[in-house]
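See structure below.
Any value given below was found using the heavy atoms of this structure, including those in side chains, with hydrogens, waters and symmetry copies removed.
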Amino acid sequence: MPSLANMASSSDDLAARFEHFFEQDAERAKLIKLLLEKTHEYKTLLENVNIELEHERESRTRYQPFIGLGADRLTDGQNQEPYVTVLVDGDGAIFRDELLQDPQKGAPEAAVRLRQAVRAYLKDTPLGTEHIPIIVRIFVNLNGLARSLYAAGVVDTESHMRTFAELFTNSRAEFDFVNVGHGKENADSKMRKMLSHYYHNIQCKKIFFAGCHDNGYLHELRQHEGDADAKERIVLLETTPAQPSFTSLNFAMTRFDSVFRTEPLTSDPRQRAAAAPLSLSPTKPAVEVHPCIRPASTPSPAPAESIASSGNGGISIKYPTAAAATSYATAGGTNGHQNISITSTKPRAPRVIDYNIHGQRLDPPNRHPGQSPDQVTYKEKFEKIKPKAFCNALYLTGRCERQHICPMEHGVKLTPGEVAIHRYKARTTLCPNGPECEIYSCYLSHHCPFGQFCQRGADCKFGGTMFGDLHFSKSDMEVE
């Protein structure tokens with residue numbers, strides 16, 4: 001029979017074991033409760049996900065028909081209002097002579113020919129519709145081109161080119177003749193910018209690029225050399241013979257010989273006198289202005305003359321002067337040709353403007369008049385007319401076109417010495433056009449008269465101009 005001590009030990013052991021199992025049951029209950037809570041949480045989350053999924057399914061079903069419609073509309077937008085453009089570097093791609101010589105008729109005719117040439121090129125392509133617009137942009141230094149055409153004998157006056165540009169622009173709303181002004185890179189930079197602009201516009205289906213005379217455009221074109229879309233859309237327009245590097249790019253190339261010159265201009269001003277036809281009415285001697293080195297011995301145009309037919313088939317030439325006496329010889333008699341009277345004239349050097357290699361205008365030397373009695377008399381006259389000042393146009397060019405409304409002084413007479421003083425004073429003022437000025441008779445300065453030796457420092461008005469620092473160095477003063 002077990003002893004009481006053993007029984008007590010056995011009872012304690014059972015109690016301990018029961019406590020252990022009880023704790024395990026409590027932990028198990030906690031775990032089951034936690035699992036039930038998580039299950040409920042996940043069930044709720046799953047229900048929400050199912051609801052959202054159902055909403056997404058309904059939305060997809062609802063908007064599916066519009067996806068295809070949107071793609072169709074995007075394609076339609078790309079094809080809506082397509083157009084082609086023609087970009088012309090007008091400094092090298094020049095219209096045919098017969099179009100420029102009579103701008104009243106030639107400018108509208110040039111617009112028609114250019115439009116017809118583009119239409120003919122597009123005829124056998126998907127763009128061969130009569131309704132596709134053609135945008136034309138011609139970039140040119142208008143004054144420089146006018147002088148070159150006059151010097152080459154293409155036009156009789158420089159104003160012909162300006163008239164041509166205006167009438168060409170007005171011929172059609174989408175045609176523009178853009179005057180970029182003086183500067184070699186002006187037309188080039190605009191051509192490059194417009195090429196990029198139209199290429200990135202998906203509505204522009206063709207770009208006719210007339211710049212094959214200038215290798216400066218090769219860099220932009222080479223960027224598209226391996227681009228199939230560029231090869232399809234860019235067409236090189238050859239006028240004068242293209243540089244060999246352009247043909248190696250394998251872009252499509254065409255010519256509009258009915259529109260543009262096929263040979264470059266010859267700009268020797270001496271050819272102008274030989275090429276110019278005799279005028280049927282009195283004319284004034286022309287003034288040539290060339291952005292280059294001043295010619296040493298270029299003959300000037302002949303004096304103005306009148307030409308009329310004589311009764312027996314000869315001609316009588318008389319210069320409009322009172323002293324047009326016979327100074328050469330008497331040819332024939334009453335049964336021969338009429339007498340010809342010619343007065344000897346001394347050739348004049350042509351008027352020119354000098355530019356340096358950077359295309360900046362160079363002023364001729366302007367020495368200080370020095371101390372003289374003219375300084376005193378000029379100052380006295382200047383004090384008397386205050387607060388007015390002497391009119392620069394009248395006293396320095398000989399004519400003031402605004403004299404009836406000009407507020408400056410016109411009535412006081414100045415001696416040659418006083419005019420020299422006034423000219424020197426005028427040359428201390430910066431021209432509003434700066435070194436880009438192309439007016440031959442301009443009496444203002446286009447750079448600091450003292451150049452790199454100027455001692456006025458920051459106070460010099462030629463330092464911080466919109467054209468930059470106009471204190472030219474010795475090399476800057478060298479004529480191109």
Does a donor on one side chain and an acceptor on the other come within less than 3.5 Å for [X] and [Y]?
| X | Y | answer |
| --- | --- | --- |
| H471 | D469 | yes |
| R361 | N356 | no |
| R113 | S258 | no |
| H422 | N392 | yes |

Would you say that [X] contacts [Y] through its side chain, given a criterion of any heavy-atom pair below 4.5 Å between the two side chains?
| X | Y | value |
| --- | --- | --- |
| E238 | F260 | no |
| S196 | E220 | no |
| L237 | M253 | no |

Exercise for the section: Mind running side chain to side chain contact (heavy atoms under 4.5 Å, CB included) on K190 and V180 for me, showing each step along the way? Expected result: CA-CA 9 Å; K190 288 188 177 292; V180 299; 3.5 Å; yes

Sidechain N-carboxylate O distance under 4.0 Å for [X], [Y]:
| X | Y | answer |
| --- | --- | --- |
| E225 | R222 | no |
| R96 | E98 | yes |
| R162 | E158 | yes |
| R28 | D25 | yes |

Look at atom [atom1] of [X] and say whether more than 12 heavy atoms of other residues, nucleotides or ligands are closer to it than 6.0 Å.
| X | atom1 | result |
| --- | --- | --- |
| I405 | CD1 | yes |
| I439 | CD1 | no |
| E401 | CD | no |
| Q455 | CD | no |

Practice task
Specify whether F177 and F164 have parallel, tilted or perpendicular ring planes, treating 30° as the upper limit for parallel and 60° as the lower limit for perpendicular.
Solution key: perpendicular

Practice task
For the pair Y121 and F208, name the ring-plane relationship: parallel under 30°, tilted 30 to 60°, perpendicular over 60°.
Solution key: perpendicular

Handout entry: Closest heavy-atom pair and its distance - L99, V259
Key = CD1-O, 3.7 Å

Exercise for the section: Return the minimal non-hydrogen interatomic distance between I132 and P82, and the atom names on each side. Expected result: CG1-O, 3.5 Å

Problem - Criterion side chain to side chain contact (heavy atoms under 4.5 Å, CB included) on E263 and T240, from CA distance to verdict - result: CA-CA 5 Å; E263 296 295 333; T240 55; 5.6 Å; no

Any donor-acceptor pair under 3.5 Å from [X] side chain to [Y] backbone:
| X | Y | value |
| --- | --- | --- |
| T239 | A93 | no |
| R233 | Y199 | yes |
| T85 | I135 | yes |
| D176 | V178 | no |

Practice task
For ring-ring contact (aromatic ring centres under 6.0 Å, His included), just list the numbers for H447 and F462, CA-CA rounded to whole Å, side-chain angles, deciding distance to a tenth of an Å, and then say yes or no.
Solution key: CA-CA 6 Å; H447 54 81; F462 295 91; 7.8 Å; no

Exercise for the section: Report yes or no: is the cationic atom of K205 (NZ for Lys, CZ for Arg) under 6.0 Å from the centre of the six-membered ring of Y198, at an angle within 45° of the ring normal? Expected result: no

Handout entry: Distance under 6.0 Å and angle within 45° of ring axis: K231 vs F251
Key = yes

Exercise for the section: For the pair F246 and Y217, evaluate ring-ring contact (aromatic ring centres under 6.0 Å, His included) and give the outcome as yes or no after the intermediate values. Expected result: CA-CA 9 Å; F246 285 94; Y217 297 121; 7.5 Å; no

Practice task
Could you check H446 against L470 for side chain to side chain contact (heavy atoms under 4.5 Å, CB included), going step by step and ending with a plain yes or no?
Solution key: CA-CA 8 Å; H446 306 93; L470 298 182; over 6 Å; no

Problem - R119 vs I134, side chain to side chain contact (heavy atoms under 4.5 Å, CB included): CA-CA, chis, key distance, verdict - result: CA-CA 9 Å; R119 293 272 187 234; I134 301 172; 3.9 Å; yes

Practice task
Rounded to the nearest 0.5 Å, what's the gap from CD on E436 to CG on N141? Could you check?
Solution key: 10.0 Å

Completion exercise
Output for pair (K193 NZ, L87 CG), nearest 0.5 Å, gives 13.5 Å

